Amino acid sequence: MEIDIPETLAEVTAAFARYEAALMANDVVVLNELFWEADKTIRYGPQEALYGYPEIAGYRSARDVSDIARELTRTVITTYGRDHATAFTEYRRLSNGRMGRQSQTWVRMPEGWRVVAAHVSLLPPSP
């Protein structure tokens, strides 16, 4: 298996950047588009565990967006062959400096790159 095929890595990096831009703009349409529309899709968040696309899309529509501004501090994207990838990033909330982590598993589907599993967590506040 080839790791980080340049064109595949570029595609996933672009999809990840599109996701991040949509997250910062609260573009729910794009955020939902980039998750695989299936019952097997999972997203764990700081206070929620979402199983299946309907739960994830429902969460997106109702989530509090008052504190979403963040800066990515370290991102590692790795591709495995031409159809699978992981994206891990650390971030800092701009409002309060709180640190968090995000991981995503991406798979090339017929309709394009989609997140099939994600996990987002906030670290405890620094003393």
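The model shown is predicted, which means the values in this text are computed figures rather than measured ones. Quick note: numbers below take in every heavy atom, side chains included, and nothing from hydrogens, waters or symmetry partners.
Transitive grouping of hydrophobic side chains (ILVMFWY, heavy atoms separated by less than 4.5 Å) keeps Val115 and Phe88 in distinct clusters. Taking hydrophobic clusters as Ile, Leu, Val, Met, Phe, Trp and Tyr residues chained together by side-chain heavy-atom distances below 4.5 Å, Val28 does not share a cluster with Val120. Tyr19 and Ile42 fall into different hydrophobic clusters, where Ile, Leu, Val, Met, Phe, Trp and Tyr are joined by side-chain heavy atoms under 4.5 Å apart, directly or via other members.
Applying the 4.5 Å side-chain rule to ILVMFWY residues, one finds Met1, Tyr80 in the same cluster as Ile3. Other residues sharing the hydrophobic cluster of Met109, ordered by chain and number and joined by side-chain separations under 4.5 Å: Trp36, Val107, Val116.
If you take OG on Ser121 and CD on Gln102, they are separated by 9.5 Å, rounding to the nearest 0.5 Å. In this structure, CZ in Arg43 is found 7.5 Å from CD1 in Ile56, a value given to the nearest 0.5 Å. Separating the CG atom in Leu122 from the CZ atom in Arg101 is a distance of 11.0 Å, to the nearest 0.5 Å. Atom CZ in Arg18 sits 5.0 Å away from atom CG in Leu34 (nearest 0.5 Å). To the nearest 0.5 Å, atom OG1 of residue Thr105 and atom NE2 of residue His84 are 9.5 Å apart. Between atom OG1 of residue Thr89 and atom OH of residue Tyr91 there is a gap of 9.5 Å, rounded to the nearest 0.5 Å.
The main-chain N or O of Asp67 is never found under 3.5 Å from a side-chain atom of Ser95 such that the two would form a donor-acceptor pair. Counting only distance, with no hydrogens or angles, the side chain of Arg70 and the backbone of Gly100 share no donor-acceptor pair below 3.5 Å.
Within 6.0 Å of atom CD in Gln47, 12 or fewer heavy atoms from other residues, nucleotides or ligands are found, so the atom counts as exposed in its surroundings.
Taking the salt bridge (Lys or Arg N to Asp or Glu O under 4.0 Å) definition, one finds that Glu71 meets it with Arg92, sequence neighbours left out. With sequence neighbours left out, Ala87 forms a side chain to side chain contact (heavy atoms under 4.5 Å, CB included) with Phe16, Ile77, Gln104, Trp106. For the side chain to side chain contact (heavy atoms under 4.5 Å, CB included) test, residues two or more places apart in sequence or in another chain that qualify with Arg63 are Leu23, Asn26, Leu31, Tyr59, Arg60, Val65, Ile68. Remark: Asp4 engages Leu9, Thr78, Thr79 in a side chain to side chain contact (heavy atoms under 4.5 Å, CB included) (not counting sequence neighbours).
Between Asn96 and Arg93 the shortest heavy-atom distance is OD1-CB, 3.3 Å. Annotation for Arg108 and Arg82: closest pair NH2-O, 2.7 Å, computed over non-hydrogen atoms. Thr41 and Phe35 get closest at one heavy-atom pair: CG2-CD2, 3.7 Å. The minimum heavy-atom distance between Pro54 and Asp39, with the atom names listed, is CD-OD1, 4.2 Å. Residues Arg98 and Leu123 share a closest heavy-atom pair of NE-O, 2.7 Å. The shortest non-hydrogen separation linking Gly81 to Thr8 is O-CG2, 3.8 Å.
Put simply, the side chain of Arg114 reaches to within 4.5 Å of the side chain of Glu33, judged on heavy atoms.
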